[in-house]
Visitor: 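Before I ask anything, here is the structure I am working with.
To find a chain, count down the sequence lines: A is the first, B the second, and so on, and within it residues start at 1.
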2 protein chains.
Amino acid sequence: MEEKKHMVGGISRKTLERLPVYHHYLEGKFAEGTETISAPMIALDLKLNEVQVRKDIASVAKTAGKPKTGYAVKDLIDDLEEFLGYHNVNQAVLVGAGYLGRALLSYKGFEQYGVEIVMAFDSDGRKVDTKIGGKMVLPMAKLENLCQRMNIHIGIITVPAKAAQEVCDQLVAGGVRAVWNFAPVHLNVPDHVLVQNENMAVSLAALSKYLYEVQKKEEPI
Amino acid sequence: MEEKKHMVGGISRKTLERLPVYHHYLEGKFAEGTETISAPMIALDLKLNEVQVRKDIASVAKTAGKPKTGYAVKDLIDDLEEFLGYHNVNQAVLVGAGYLGRALLSYKGFEQYGVEIVMAFDSDGRKVDTKIGGKMVLPMAKLENLCQRMNIHIGIITVPAKAAQEVCDQLVAGGVRAVWNFAPVHLNVPDHVLVQNENMAVSLAALSKYLYEVQKKEEPI
DNA sequence: TAGATTGTTAATCGATTAACAATC
DNA sequence: TAGATTGTTAATCGATTAACAATC
């Protein structure tokens, strides 16, 4: 009965990560006037395997593709949007209006993926009552109460590491069910709360390491 | 002879991503005065499998662990630092000093993972010649030449989508071998250049979708 | 019809986890 | 010694890719 941890709504996280890529690609095709498209074509353009494309599509599409023709671009876009929750926006709050917090508040990409950051909180009085990316920055004292009243279930933590656990506790007290954590600390939360850690440094470190290995090979002693 | 694509320097990318986590954890333990530590202990604290911990350690450690005792914390830290290139810093440039660019320029976490962003470029004359996070913002015209002269091999793209390909071309012309791309576009590069795409929206979208599925289960019709 | 494309079942591949002998 | 822990080989698990019959 229990769904496996790495599955979300019947599809794997890997597939879920590719869905917005298809959506973006299909939007472009649709704008160009393309009405139908085949899996091999999508796979070629996005550098994916065509079977993978078909399986991904099968997991979200309501209508089947047609042999020899492919899929209706408009239908695919609609199905992707419904699946990704475009018309069912989840609201989120952000805590910590530093550089990273401001970057996220100003980022235009979230809403098209079914998430809207509705307000921010910061402990710095100078930031409170200003607007960033069109969103109000409010004092920490209002966090718990506002999250509850607005029935908000997603919290984004962009505060320094030493403040993160306390912020997290306040979010959980406010009813938040999922936390996107940019602070480089392990957060302790109740079982019903999901924490997703984001470590910007790791991605760049991996890239750097890769480069170092390549260079080592090219410049033998 | 050819190393598999998903392997970097003999270890998988997954392992590579965990190494900084071990490093951060061990630094904390070392600061507390812990001299030796076992794989089961690390696994417990970091919520990993103990065999995985042992394999990860085996892939970077110079000295073996001792049965019944575990590993010398200081040695492990040293080995991790050497492997991650702490003492062998790769330099990077960033293009696009918007909110996200400024967040990355001010982020303190990169240098401890062997990467240093040494300067930024922006097409906006008002930003040129200012300093962000202690790093100079320079005009685009200087990008290619400076990358070449300073022998810089990593470029970070935080410009709007429509400018990204041109920026990427300039970086490649300047000798960059690895590109960390935050713009939501597919970049075309020569074979010897590695592009790593970062899509902030995908992570949050996945979290949101997960939450939506959980809620659907809890509130049946 | 012929053949391109779909959808699905089977094979492969990589990463994680389990099992277990070696050893301090 | 007894037993905790290491290092490694085997089993499992998930995701990707290949093979192929169905079909428009």
Side-chain angles (χ1 to χ4, degrees), chain A residues 2-19 21-22 25-26 29 34-73 75-76 79-80 202 206 209-210, chain B residues 2-19 21-22 26 29 34-73 75-76 79-80 202 206 210:
Chain A
E2 184 161 347
E3 195 162 60
K4 279 166 197 163
K5 191 194 162 194
H6 62 280
M7 298 291 274
V8 177
I11 66 162
S12 74
R13 185 177 165 121
K14 291 275 186 186
T15 296
L16 185 54
E17 288 183 358
R18 283 189 296 267
L19 297 182
V21 179
Y22 296 130
Y25 168 80
L26 292 169
K29 284 288 168 187
T34 309
E35 292 189 357
T36 62
I37 196 159
S38 71
M41 185 67 189
I42 298 173
L44 183 72
D45 284 344
L46 298 178
K47 300 189 200 300
L48 298 171
N49 179 285
E50 67 169 88
V51 181
Q52 189 170 59
V53 172
R54 251 181 248 124
K55 285 197 170 172
D56 287 346
I57 288 175
S59 68
V60 296
K62 288 208 183 62
T63 50
K66 278 185 188 156
K68 190 130 160 109
T69 315
Y71 307 88
V73 174
D75 288 354
L76 272 191
D79 290 345
L80 282 166
V202 167
K209 179 66 189 169
Y210 171 83
Chain B
E2 184 161 349
E3 193 162 62
K4 279 166 197 165
K5 192 193 165 195
H6 62 280
M7 299 289 275
V8 177
I11 66 162
S12 74
R13 181 173 169 124
K14 290 275 185 185
T15 296
L16 186 55
E17 287 182 358
R18 284 189 295 267
L19 296 183
V21 179
Y22 296 130
L26 292 169
K29 284 289 169 186
T34 309
E35 292 188 359
T36 62
I37 196 160
S38 71
M41 184 68 189
I42 298 173
L44 183 72
D45 284 344
L46 298 177
K47 301 188 199 301
L48 298 171
N49 179 284
E50 65 168 89
V51 180
Q52 189 170 59
V53 172
R54 251 180 247 123
K55 285 198 171 173
D56 287 346
I57 288 174
S59 68
V60 296
K62 288 209 183 64
T63 51
K66 280 185 188 157
K68 187 125 164 124
T69 315
Y71 306 88
V73 175
D75 289 354
L76 272 190
D79 290 343
L80 282 165
V202 167
Y210 171 84

Visitor: Under 4.0 Å from OP1 or OP2 of C:dG7: is there any side-chain N or O of A:Tyr71 that close?
Guide: yes
Visitor: How long is the span from the CG atom in A:Leu46 to the OH atom in A:Tyr25, to the nearest 0.5 Å?
Guide: 6.0 Å
Visitor: In whole Å, I'd like the distance from the CG atom of B:Leu16 to the P atom of C:dT16.
Guide: 13 Å
Visitor: Taking the side chain of A:Pro67 as heavy atoms from C-beta outward, which of D:dG7, C:dC24, C:dT6 is closest to it?
Guide: C:dT6
Visitor: Considering only D:dT6, D:dA4, C:dT6, which nucleotide approaches the side chain of A:Glu50 most closely?
Guide: C:dT6
Visitor: Give a yes or no on whether B:Glu35 atom CD has more than 12 heavy-atom contacts from other residues, nucleotides or ligands under 6.0 Å away.
Guide: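 Counting neighbours around CD of B:Glu35, 12 or fewer heavy atoms of other residues, nucleotides or ligands fall under 6.0 Å, so no.
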Visitor: Look at the side chain of B:Lys14 and decide which nucleotide, out of C:dT16, D:dA18, D:dA15, has an atom nearest to it.
Guide: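 Within the option list, the nearest is C:dT16.
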Visitor: Could you tell me which nucleotide pairs with D:dA22 by Watson-Crick or G-U wobble geometry, both distances under 3.5 Å, or answer none if nothing does?
Guide: C:dT5
Visitor: Please compare B:Gly65 and A:Lys55 by the position of their nearest nucleotide in DNA chain D and report the one closer to 5'.
Guide: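 That would be B:Gly65.
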Visitor: Rounded to whole Å, please give me the gap between CD1 in B:Ile42 and C1' in D:dT5.
Guide: 12 Å
Visitor: Rounded to whole Å, please give me the gap between CG in A:Asp56 and C1' in C:dT8.
Guide: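 Whole-Å distance recorded here is 15 Å.
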Visitor: Counting only side-chain N and O atoms of B:Arg54, is one of them less than 4.0 Å from OP1 or OP2 of C:dC20?
Guide: no
Visitor: As a test of reading the structure: which of C:dT6, D:dG7, D:dA15 is closest to the side chain of A:Ser12, going by heavy atoms?
Guide: D:dA15
Visitor: Please determine, for the side chain of A:Gln52, which listed nucleotide (D:dT16, D:dA18, C:dA18) has the closest atom?
Guide: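 From the listed options, D:dT16 comes nearest.
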Visitor: Between A:Asp79 and A:Lys62 (side chain of the first, backbone of the second, donor and acceptor by atom type, cut-off under 3.5 Å), is there such a pair?
Guide: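 Yes: the side chain of A:Asp79 pairs with the backbone of A:Lys62.
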Visitor: Roughly how many Å is it from CG in A:Leu48 to P in D:dT16, rounded to a whole number?
Guide: 9 Å
Visitor: Which of these nucleotides, C:dT6, C:dT16, C:dG3, is closest to any side-chain atom of B:Arg18?
Guide: C:dT16
Visitor: Would you mind telling me which residue lines up with the more 5' stretch of DNA chain C, A:Thr69 or A:Val51, judged by nearest nucleotide?
Guide: A:Thr69
Visitor: For A:Thr15 and A:Lys66, take the nucleotide of DNA chain D holding the closest heavy atom to each; which residue's nucleotide lies nearer the 5' end?
Guide: A:Thr15
